[in-house]
Amino acid sequence: MPASASGGPTRSGCPRTRWAGLPVHGVAPVRLARSTEGRLTMSAPADQIALTTSGITRLIDRIQTAGYVERRPCPTDRRVAFAAITDTGREVLDRAAVVHARNLRAAFGEFGEPDLTALDTLLDRLRKAASDIP
């Protein structure tokens with residue numbers, strides 16, 4: 001089995017995504033960056049990436065320690081805390097996006113237009129099917 005960037009094996013042969021030296025549940029920081037005002041309630045990423053609330057709290061703790069996100073109180077509800085991406089976190093995501101795009105071009109470089117069109121159609125169907133699951 002191929003080794004990841006951290007030296008550990010990966011099932012697909014692709015390097016594991018790492019952020020601040022931590023394996024990242026890939027979409028949590030990206031969801032923050034793409035959200036309105038660059039922040040989400042703590043429960044929103046947990047719902048979106050199928051982690052428990054305690055799991056997302058631990059993940060945000062690690063990413064916060066690295067300086068990529070910060071917790072902000074909700075101005076209208078003391079019970080709510082937001083996880084917000086920092087400027088440093090956005091810079092890391094911007095750099096990672098360049099590498100990700102390069103890797104995608106390399107991975108799909110041998111695919112012809114008909115293959116890419118078929119894959120796009122299948123992924124659209126998968127997204128729709130997944131969004132219909134309660």
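For the atom pair CZ (R90) and CZ (R95), the distance works out to 13.5 Å, reported to the nearest 0.5 Å. Taking CZ from R125 and CG from L123, the interatomic distance works out to 11.0 Å, rounded to the nearest 0.5 Å. Atom OG of S54 and atom CG of D61 lie 10.5 Å apart (nearest 0.5 Å). Atom CG of residue D120 and atom CD of residue E113 lie 9.5 Å apart, to the nearest 0.5 angstrom.
Taking all atoms of both residues into account, the shortest heavy-atom contact from R71 to T57 is NH2-O, 3.5 Å.
In this structure, F82 and L40 have side chains that are not in contact, with every pair of non-hydrogen atoms separated by 4.5 Å or more. Residues D77 and C74 are in side-chain contact: their nearest non-hydrogen atoms beyond the backbone lie under 4.5 Å apart.
Electrostatic pairing of D132 and K128 counts as a salt bridge here, judged by a charged N lying under 4.0 Å from a carboxylate O.
Exactly one residue among V92, L93, I60, I85 makes a side chain to side chain contact (heavy atoms under 4.5 Å, CB included) with Y68. That residue is V92.
A single hydrophobic cluster is seen to contain both L116 and L104, as judged by linkage of ILVMFWY side chains at heavy-atom distances under 4.5 Å, directly or through other members.
For D87, there are no side-chain hydrogen bond (donor to acceptor under 3.5 Å, both in side chains) partners, not counting sequence neighbours. Residues forming a side-chain hydrogen bond (donor to acceptor under 3.5 Å, both in side chains) with R72 (at least two apart in sequence, or on another chain): E70.
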Full working for side-chain contact (heavy atoms from CB on, under 4.5 Å) between L119 and F108: CA-CA 11 Å; L119 178 60; F108 291 105; 3.4 Å; yes
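In this structure, R78 places its CZ atom where only 12 or fewer heavy-atom neighbours from other residues, nucleotides or ligands lie under 6.0 Å away.
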